[in-house]
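This report concerns only the one structure given below.
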2 protein chains.
Amino acid sequence: MKKSASIPKPSAKDKLLNAALRVVRTKGYSGTTVDDLCAAAGVTKGAFFHHFESKDALAVAAADYWSTVTASVFAGADYRKLSDPLDRVLGYVDFRKALVRGQLPEFTCFVGTLVQEAFDSNAEIRAACERSIFGHAAEVAKDLAEAKKKYCPRADWSAESVGVFTQAAIQGAFIVAKAKDDPRAALECIEHLRRYVAGLFPSVNHRREVKQS
Amino acid sequence: MKKSASIPKPSAKDKLLNAALRVVRTKGYSGTTVDDLCAAAGVTKGAFFHHFESKDALAVAAADYWSTVTASVFAGADYRKLSDPLDRVLGYVDFRKALVRGQLPEFTCFVGTLVQEAFDSNAEIRAACERSIFGHAAEVAKDLAEAKKKYCPRADWSAESVGVFTQAAIQGAFIVAKAKDDPRAALECIEHLRRYVAGLFPSVNHRREVKQS
DNA sequence: ATTAAGATACCGACTAGTTGGTATGTTGTC
DNA sequence: GACAACATACCAACTAGTCGGTATCTTAAT
């Protein structure tokens, strides 16, 4: 769609999408005005409505954008290089912990925030959030399925379902962290998630947590 | 604060609080207007601002109201009568599953929805949500602490932390259900939570799930 | 190489409708 | 008649979206 070589300077569209991720996670979707987004992106309203039909259309685009941004973050993470699938699964959870840094709006989930507000009012936004969350869950489930096949093929849980649960637990971790205004609350929750996932492989002598860079 | 005997007919204040629980869970907090709330409650704007200083003040009151409503729901549930603390803990999780019925806005968490939007913009709302979530988590932690003392006093997890995690997992379950627009996604997540909690007591031969009325 | 012509990207003043909140009644009860 | 509990009318600020306009980039014929 757009040549990415030579860094042509960020377009208003890109700036608006990035601004949306930041501002919406801070103020919520309804609480974010189009003017807020334009100001944060450093563009005008004309630019906004040149690139997006409506505020809701931007939300859909931003959710899809979030999917690609996060996909590349996880694709490039160190734990992906581990050869053992269970190492990758636990490495994923540890990586999620490592991502909990800085202020809350910097590490919480854009689509998780968005879907809370839009699930009932806009079907297209909800669908975009579903793609993002369940697409990511499916990636986690791939490693889970491999690990299950290798270590406990007869276990009575499905990789898909556990993959979704990892996402739920992490989303919930963000909510309690917001309620307490303390990122450490999220970390403790993700610790429990890790313990649960490790416990799904009772035959394995669990290695220690892999430190993330 | 208010005498509850003899059912004197619902005041505008009560109607507004109940309307807030319903409407905010459907449309989100910023997406809900004062007029929406007045219409849903069947009262006028004058009544609204007679009882509440501002929309934000109503949010705080509604969060505290949510705390009392939910506290009485759980206090009156059958699982509370079980004598064994671990039975009560697992009965709690099963009860949470049983509450997942009807449309999404009917069983999702008011304060979970609210804090997502208000954690950064209004400290009093956030604090009210913290009281609600962590107060409830502490109730769950009471039974967890008793169960731990009875069955595995030397286990390396704290009842408080697990109590908070139960809330996180349930909040996350609601988010994935909203994303998928399917309550069953929440049920599957709560199943995983149950498996995790049960697994914290490895010495116990786990009984089957208690059916809820 | 120049130029004409169209397309794309962007600007910012403007508008119609909405929003939280206010000012001023009215009603019933002690 | 004083006070609480509402109701009605209204407003100033804000909000999503529009619209006429300009700058720059693409294409292709000369």
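Proteins come first, then strands; the chains are lettered A, B, ... in the order of their sequence lines, and each starts at number 1.
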Looking at every strand, decide which applies to B/Thr33 at a 4.0 Å heavy-atom threshold: base, sugar-phosphate, or nothing.
-> sugar-phosphate

Under-4.0 Å side-chain N/O to phosphate OP1/OP2 contact, A/His50 with C/dA9 | yes

Starting at CZ of A/Phe48 and ending at P of C/dC14, how long is that distance when rounded to a whole Å?
-> 22 Å

Could you tell me whether the side chain of B/Lys45 has a donor or acceptor atom within less than 3.5 Å of a complementary atom in the base of C/dG20?
-> yes

Cation-aromatic face contact B/Lys180/A/Phe119, 6.0 Å, 45 degrees = no

A/Phe49 atom CZ is separated from C/dC10 atom C1', nearest whole Å, by 14 Å

Whole angstrom is fine here: how far is it from CG in B/Asp35 over to P in C/dT18?
-> 10 Å

Using a cut-off of strictly less than 4.0 Å, decide whether B/His51 has a side-chain nitrogen or oxygen near OP1 or OP2 of D/dC6.
-> yes

Remember a base hit wins even if backbone is also touched, and classify A/Ser30 as base, sugar-phosphate or nothing at under 4.0 Å, heavy atoms.
-> nothing

Only counting residues at least two apart or in another chain, list the ones meeting side chain to side chain donor-acceptor pair (under 3.5 Å) with B/Lys148.
-> none

Length of the line joining A/Lys15:NZ and C/dC10:C1', which is rounded to integer Å = 10 Å

Sorted by chain and residue number, the side chain to side chain donor-acceptor pair (under 3.5 Å) partners of B/Ser30 (sequence neighbours excluded) come out as B/Glu117

Where the side chain of A/Lys55 is defined as all heavy atoms beyond and including C-beta, which of D/dC6, C/dG20, D/dG17 is the nearest nucleotide?
-> D/dG17

5' precedence on DNA chain D between A/Gly46 and A/Asp36 (nearest-nucleotide basis) = A/Asp36

Spacing of B/Tyr29 atom OH relative to C/dT19 atom P, expressed in whole Å | 14 Å

A/Lys15 atom NZ: more than 12 heavy-atom contacts under 6.0 Å | yes

